[in-house]
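The structure appears below as structure tokens.
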Amino acid sequence: MSNQETPKRYLITAALPYANGLKHIGHLAGAYLPADTYVRYLRAQKRDVVFVCGSDEHGTAIPIQATKEGTTAQAIIDKYHPIIEQNFNDLGISFDIYHRTSDPIHHETAREFFQSLNDKGDLITKESEQYFDEKAASFLADRYIKGTCPNCAYPAAYGDQCENCGKSLSPDELINPVSTLSGNAPIKKSTKHWYLPLDRHEAFLRKWILEEHANDWRSTVVGQCKSWIDGGLLPRAVTRDLDWGVKVPETVEGSAGKVLYVWFDAPIGYISATKQWALNNDKDWKPYWESKDTKLVHFIGKDNIVFHCIIFPVMLQLHGNILPDNVPANEFMNLEGDKMSTSRNWKLEMEDYINDFIKPENGGSQMADVLRYYLTLIAPESKDSEFTWKGFQDANNSELVSIFGNFINRALVLMHKLCKGKIPPLHANLLDELDKEAIDNIKATKEKVEKLLEEYKFRDALFEVINLARIGNQYMQKKEPWIVAKQLASNPEAQKLIDNCLHICLQLTANLAILINPFLPFTAKKICYLLKVVDKILDWENAGSMKLLSVGYSLRAPELLFRKIEDEEIIKQVEKLKAAAVNKEPIVSASVGTLPKAGPDSGSEPRASAVKPEIVFDDFAKIDLKVGTIVAAEKVEKADKLLKLQVDLGFETRTIVSGIAMHFKPEDIVGKQVTVVCNLAPRKMRGIESNGMILMAEDAAGKLHFINPETAIDNGSGVS
RNA sequence: CGCGAGAUAGAGCAGCGGUAGCUCGUCGGGCUCAUAACCCGAAGGUCGGAGGUUCGAUCCCUCCUCUCGCAACCA
């Protein structure tokens, strides 16, 4: 599919960052940096390319963040959109347009898209039960429902996730759900929604991904898709009951109060961004989305694979657009031994790096290139990778500084010392094998880099460029012009050998500028400055040429391209990271089975508190605790943590499903006395109805212990 | 349990059927033009484990163990 003849035009997208906060270097390494590198390469090739991105500004997390910050959704996106855009700019991410999904042109585009699919019968509608707040007269998004976390008993877990234990939830799982709008318990109410019937498109997806792209897409991407397709595709809701987002077109019956689900509207943002770009530049956007000779590439992180490889392509195909040629998704980047996490504050934000390193007094934009270098070097192209500050320092000091920067610096310094500050002539008749080899290596590197970039192997491509500088160092070492210079007094002809060596080294330097440009654009510019050549020289077609610099031309005094990074700097960063991190361990959680009151404490901080909110005796008295004996236990099939227990409570024997399989073997606990919550509403787990709950205590090591009487007593004895 | 990805020198990674390779680090040597930089050389791996296919397997197949995701699940 790829690697055929050159496409007429390219449309490159990078995942739309969600405008509810700052973005970290994992995002940068995952999507924006490889996309930018690829785009800069294409531009240097003078290809017709548009690089679009923008803020994703819909979805429920935006109004939620607004509540958190005590402001409006509009204010949130207006706050984060420009910061994110500026951060990208500071790091040299060169979007042709950084748009936003709150823009009217996007609303129009998304509504048209929906309308078109709906008119053609490509969407279906279904009624379903959703939580509804009667007082606020509003359906509740998952995030607007709070309740007790079924996992950690944290009383203020959200309907989609518990902020205390990080568990993903659905609203139905919450104990004692409460609407955060009114504080009342929500009711279930029927509502109609539009769905995209993915199941209709299984055959298309199988053929397109699993057959046609089985070999040119990354194995991680194809694997994920296969997993999804084999798992059975289901209709997916494309609308929500919400007032923040793109309104469902009024011309569609039943549209009142409905907005497009954010995942449906966000990728359409690529299209609206392209439209806006076309308006700004007096171009036609249509060929970029409709013409078969356009090569569309989505750069994303692995969390976005399903949207860009399954859902969006189905939408595009139904709507008559072109499909992506490739979706080079990256895996995730860890940080200093742990997953990056916004909620635990274990992250390095682009903003932080910019403040600490890119500010003029700390190194300026050259330091943006250092980050670009290291992130490309460790990019999680085939598996998760890890950012460490030590690695960052090593990469900078021993590769960028010692190999790349040093080669260019010594070439320039030597030229000033031995060639009077001018580009020396090349004496072709005196060229030897070493010279020719060096020259050949430049062309060879160009070809390797091209091939690797076309295959989205950015790390390998960058290595080849650095390796060319290494070759330069080796060449210079073998030629030893500084030694040759000592013969000058007795043999003036020796100057010609010096000239040849430095001529080649300087042409090599100019070539390095071209080859490094897609990766480290600020560095390429600085090399141009040092060589006193215009940026035009960076056109890719110039790579491999030995005539980039004119003989006799005088150059600037050398300046260092990169500075060393000192130990203190990285120690400071590691300390900063650790100090800011939120301790994930629950402070006190010796109560896996206790039943806390689902507090109406809306607005409280989502942190674990040592003691739960106070309750009155009546609250406690509602809980019916009795002692029982486990008479039978078996593992529940297809569940890691569940045991199905039969518990004798004296007056009856009940089935209770308990999540303790990781801690106890069934045979070891038969005969144990336990404390049971008898009046807990029954709940189905894995298809088995559980009638009660076993109380457990969890120690610091996470091990569970039964709460039971010191000595055996009658089953059915009350506990208070 | 299921699905996906991974497990290769001290660290980080490449290789994916034919004498195990790269970068950093370590050790020894050389050079001194250069940001104590550069160049040369060495040590260091039974390629997670067990089977199988093959003339031959790190690379293919099967099973197992562990890690990370997803899904499930957490009363």
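Chain identifiers are assigned alphabetically (A, B, ...) following the order of the sequence lines, protein sequences preceding nucleic acid strands; residue numbering begins at 1 within each chain. This is a predicted model, so every value here is computed, not measured.
- Nucleotides B:A43 and B:G10 are separated by 12 Å at their C1' atoms, to the nearest Å.
- As rounded to the nearest Å, B:C63 and B:A14 have P atoms that lie 25 Å from one another.
- B:G44 is unpaired under the Watson-Crick or G-U wobble criterion, no partner having all donor-acceptor distances under 3.5 Å.
- Comparing the C1' positions of B:U8 and B:A57 gives a spacing of 14 Å, expressed to the nearest Å.
- Base pairing of B:U32 is not made with any nucleotide, judged by Watson-Crick or G-U wobble geometry with both donor-acceptor distances under 3.5 Å.
- Using cut-offs of 30° and 60° for the angle between ring planes, the A:Y374 and A:F392 rings count as perpendicular.
- Note: CG (A:D394) to C1' (B:U35) measures 16 Å, nearest angstrom.
- Whole-Å rounding puts the A:F387 CZ to B:A11 P distance at 20 Å.
- Rounded to whole Å, the P atom of B:A42 lies 16 Å from the corresponding atom of B:C24.
- Using the Watson-Crick or G-U wobble rule with both distances under 3.5 Å, B:C16 pairs with nothing in any strand shown.
- Rounded to whole Å, the separation between the P atoms of B:C59 and B:G44 comes to 24 Å.
- Here the separation of B:U54 from B:C40, taken at their P atoms, is 45 Å to the nearest Å.
- Of the nucleotides present, B:A11 is the one that pairs with B:U23 by Watson-Crick or G-U wobble criteria, both distances under 3.5 Å.
- The two residues A:E386 and A:E336 make their nearest non-hydrogen contact at OE2-C, 3.6 Å.
- In this structure, A:R556 satisfies the cation-pi test against A:Y529, with its NZ or CZ atom closer than 6.0 Å to the six-membered ring centre and inside 45 degrees of the ring normal.
- With rounding to whole Å, A:E386 atom CD is found 12 Å from B:C68 atom P.
- Going from the C1' atom of B:G4 to that of B:G49 covers 22 Å, rounded to whole Å.
- In this structure, A:F463 reaches the sugar-phosphate backbone alone: every heavy-atom distance under 4.0 Å involves primed, P, OP1 or OP2 atoms, never a base.
- Heavy atoms of A:N406 sit under 4.0 angstrom from at least one base atom.
- Nucleotide B:U67 has B:A5 as its partner under the Watson-Crick or G-U criteria, with both atom distances under 3.5 Å.
- Across the strands present, B:C60 finds its partner in B:G52; the criterion is a Watson-Crick or G-U wobble pair with both atom distances under 3.5 angstrom.
- A:L508 places a side-chain heavy atom less than 4.5 Å from the side chain of A:L468.
- Relative orientation of the A:F458 and A:F299 rings is tilted, given thresholds of 30° and 60° on the angle between their planes.
- Partner A:V413 forms a side-chain contact (heavy atoms from CB on, under 4.5 Å) with one of A:K417, A:H416, A:R410 and no other, that one being A:K417.
- Counting only heavy atoms from C-beta on, A:T220 has its side chain closest to B:A5 among B:C31, B:A5, B:A14.
- Comparing B:A5, B:A34, B:U32 against the side chain of A:K417 picks out B:A34 as the nearest.
- Comparing B:G48 with B:U67, their C1' atoms sit 11 Å apart, to the nearest whole Å.
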